[in-house]
Amino acid sequence: MTGTVAAGSWVEIGAVVLAPGERAPQVPEDTRAVPLELRAKGVLAAPARIGERAEIRTAAGRRLAGTLVAVNPAYGHGFGAPVPALADVGREARALLKRAADAGGREDDP
Amino acid sequence: MSGATGYAAVMARRAAIMRASVGIDYDRYRTGALAFDYERLLADTGYGIESARAVQAATGVGATPLLELHHLTALVRAVAAPGKGARLFLKDEARNPSGSFKDRRASLSVHEAKRRGYPGVAAATSGNYGAAVASQAAKLGLPCIVVQEAFDSRGIAQPEIAEKTRACEAYGAEVIRLSVGPELFYVFLRVLEETGFFNASLYTPYSIVGIETLGYELALQALDACGRFPDVVIATHAGGGNVTGTARGLRGAGATETEIVAASVDLAGLHMASDRDFNRKSFTTGHTGFSMPFTTWPDRADVPRNAARPLRYLDRFVTVTQGEVFYATELLAQLEGLERGPAGNTSLAAALAIARELDRDRVVVVQETEYTGAGKHPIAQLNLAQSLGIEVRRGDPRENRPGERIVIPERPGQIAARAVDLDRVRRSYLRHALESLPEGAVLEAADYAFLVEETRSSRAYVEEIVHGLQGTRG
Ligand SMILES: Cc1ncc(COP(=O)(O)O)c(C=O)c1O
């Protein structure tokens, strides 16, 4: 698929910390059915391919090993589309304030 | 120093790892079978409110403004009975360096880590606290590791936590992201053991003393603005540090009559350690999934004795719905021009209901805000909820069902602060306390006195409940 990732690249590695059978006794069933997984980012220590074992040096200076999962991983979080259920809240509240002001401060909230 | 790295082996070493990483010998404070000297534990930090303020001022933490919410006050009065509708104020903690009151909490810990020569700091947190520790560590030139519960087994990240990952990395921290589960604590112990870093736990005495400055400041700011201490202070409540530190700071300023209200988002029915429920909460803090277990048993924390002990300070404990908090967040932006993060607005939602019942000359303070932005926003949370099949609509907030349906109120008068029965919470606390009693140990006089303080009750109350519980135990 992809070629070799150069040493010194900013990458993300993944590892399984606990397999399903090793999970803590108090964990609910749905969680116990899946492994405890870890992801960490750092600078790739030696050339490696995605899906292969790789070692990184983290921002705190630690060496961590795992499977190479991404190169220069993106921050994918955002907002998404405006949510219709919130769209009218501000307009309604301003209208309510105006009606209340016109009526001398109070409006009957049914 | 270390040994086997398997789950059981590491957990068996937890006490020693903790002692080395927080530098506190908690055994020194023991005064009975259960009891310990809480005030001495806090006093031994060596910090009081003034010295904490000085440390915080050096990194630009604290001294946030107390803002009067004129339009929200008018909105509450518009739907209140004649003569009702207290003055609403809000302490804009989002203006701290990393965007929340958690900077106060992190400041003394990181300062201590540096002073005592630890090679770095580490914290187990998926929230604002990670960014706060990372920011303080950056300022003091210490390496920092933050361990987060961040994504579910499908690899879907909770958007608010994704934003915290980014913020921690922006401050130069290493972030260990984990899938769902309480074994995060095991990973954290391994990090502490391997690095010898200071454990900037949310629950050390440094953390709580750091929050006292918040309550202290707001008491004096209200006095200045209104000529009186606040009648009511409402705190968004999760692990309990926020309300504990704030209440102590209010007392320190002399505001002994102020009513302390804790407010949490009601997440009843969702399991905190469930992989499936993880992304169905729509909130990452300020919710009952933390506040119920931590209020009824604070010592479940990552340190042997939690310095956050909310039951000692609560006058009232209320819940609000997810939809009510998103609605309040929208109102704050649209009527007051303050776009602030959703979880921190939990206490604002409660305030809109509580102020409605109070006379107009009363002063209600919402004691914090948090920053907002990508991921950490009602729109991000509601889009994730809808993508998981959760219904989002306008309606009566009583129809809100965590994990199934988020109902945005239709009118401000629908917002309610639903009372949590503190008597039940106290009984639950006492049950947990008895369960923690070592086999064969009996309660001594010091323990009874301690339990009275812990529950803000009386000897007769504690004895009656303890005897009832002991009767049913055998
Ligand atoms: C913005 C904000 N408000 C309130 C809280 C609740 O604080 P505590 O966990 O100390 O109760 C948190 C922390 O989780 C927070 O980040």
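Chain identifiers are assigned alphabetically (A, B, ...) following the order of the sequence lines, protein sequences preceding nucleic acid strands; residue numbering begins at 1 within each chain.
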Exercise. What part of Pro84(A) lies closer than 4.5 angstrom to a heavy atom of chain B: side chain, backbone, both or neither?
Worked result: neither
Exercise. What part of Phe79(A) gets closer than 4.5 Å to chain B, counting heavy atoms only: side chain, backbone, both or neither?
Worked result: both
For this session: Please look at Ala157(B) and chain A and tell me whether the side chain, the backbone, both or neither of the residue comes under 4.5 angstrom of a heavy atom of that chain.
Result: neither
Exercise. Which distance, rounded to the nearest 0.5 Å, do you find between the NE2 of His77(A) and the NZ of Lys164(B)?
Worked result: 9.5 Å
Seminar exercise, completed: Checked Lys376(B), Arg393(B), Glu163(B) vs chain A; the most non-hydrogen pairs under 4.5 Å come from Glu163(B)
For this session: Calculate, to the nearest 0.5 Å, the distance between atoms CG and CD belonging to Asp275(B) and Glu29(A) respectively.
Result: 13.0 Å
Seminar exercise, completed: On a heavy-atom basis, the closest approach of Ala380(B) and Gly78(A) is CB-O, 3.5 Å
Problem set entry | Note, Asp30(A) side chain near His271(B) side chain (heavy atom, < 4.5 Å) | no
Problem set entry | Interatomic distance, Ile408(B) atom CD1 to Asp88(A) atom CG [nearest 0.5 angstrom] | 12.0 Å
Exercise. Among Cys144(B), Pro409(B), Pro82(B), who wins on heavy-atom pairs under 4.5 Å with chain A?
Worked result: Pro82(B)
Problem set entry | Gln26(A) portion near chain B, given a 4.5 angstrom heavy-atom threshold | side chain
Exercise. Which is it for Arg411(B) and Leu96(A) under the side chain to side chain contact (heavy atoms under 4.5 Å, CB included) test, yes or no, and what are the steps along the way?
Worked result: CA-CA 9 Å; Arg411(B) 297 181 297 276; Leu96(A) 195 158; 5.6 Å; no
For this session: Considering non-hydrogen atoms only, spot the tightest contact between Asn383(B) and Ala81(A) and give its length.
Result: ND2-O, 2.8 Å
For this session: Counting only heavy atoms closer than 4.5 Å, note whether Ala162(B) contacts chain A via side chain, backbone, both or neither.
Result: both
Exercise. Do the non-hydrogen side-chain atoms of Val89(A) and Gln334(B) ever get within less than 4.5 Å of each other?
Worked result: no
For this session: Name the option with the most non-hydrogen atom pairs under 4.5 Å to chain B; the candidates are Ala40(A), Ala60(A), Ala93(A).
Result: Ala60(A)
Seminar exercise, completed: Rounded to the nearest 0.5 Å, the NZ atom of Lys41(A) sits from the CZ atom of Arg177(B) at a distance of 6.0 Å
Exercise. Any side-chain heavy-atom pair from Leu64(A) and Ile176(B) closer than 4.5 angstrom?
Worked result: yes
Problem set entry | CZ (Arg405(B)) with more than 12 external heavy atoms under 6.0 Å | yes
For this session: Using the test side chain to side chain contact (heavy atoms under 4.5 Å, CB included), find all partners of Val27(A) that sit at least two apart in sequence or belong to another chain.
Result: Ala24(A), Thr31(A), Arg32(A), Pro182(B), Glu183(B)
Problem set entry | chain B contact via Leu18(A) - which portion, at a heavy-atom distance below 4.5 Å | side chain
Seminar exercise, completed: On a heavy-atom basis, the closest approach of Leu36(A) and Val180(B) is CD1-O, 4.0 Å
For this session: Under 4.5 Å heavy-atom distance to chain A, tell me which part of Val175(B) shows up: side chain, backbone, both or neither.
Result: backbone
For this session: Under the side chain to side chain contact (heavy atoms under 4.5 Å, CB included) rule, what do Phe326(B) and Val83(A) come out as? Steps first, then yes or no, please.
Result: CA-CA 11 Å; Phe326(B) 291 138; Val83(A) 174; over 6 Å; no
Exercise. Which pair of heavy atoms, one from Ala273(B) and one from Pro28(A), lies closest together, and at what distance?
Worked result: O-CG, 3.4 Å
Exercise. Based on non-hydrogen pairs under 4.5 Å, which of Pro143(B), Pro378(B), Gly375(B) is most in contact with chain A?
Worked result: Gly375(B)
Problem set entry | Closest non-hydrogen atom pair, Gly80(A) against Ile379(B) | O-CG2, 3.9 Å
Seminar exercise, completed: Tightest non-hydrogen contact, residues Glu410(B) and Glu92(A), listed as O-OE1, 3.7 Å
For this session: To the nearest 0.5 angstrom, please state how far the CG atom of Leu75(B) sits from the CG atom of Leu97(A).
Result: 5.0 Å
Exercise. Just wondering, more than 12 heavy atoms not from Arg94(A) lying within 6.0 Å of its CZ?
Worked result: yes
Problem set entry | Proximity breakdown for Tyr186(B) and chain A, heavy-atom pairs closer than 4.5 Å | side chain
Seminar exercise, completed: Taken to the nearest 0.5 Å, the spacing of Leu86(A) CG from Arg394(B) CZ works out to 8.0 Å
Exercise. Taking Ser179(B), Ala74(B), Gly395(B) one by one, which has the highest count of heavy-atom pairs under 4.5 Å against chain A?
Worked result: Ser179(B)
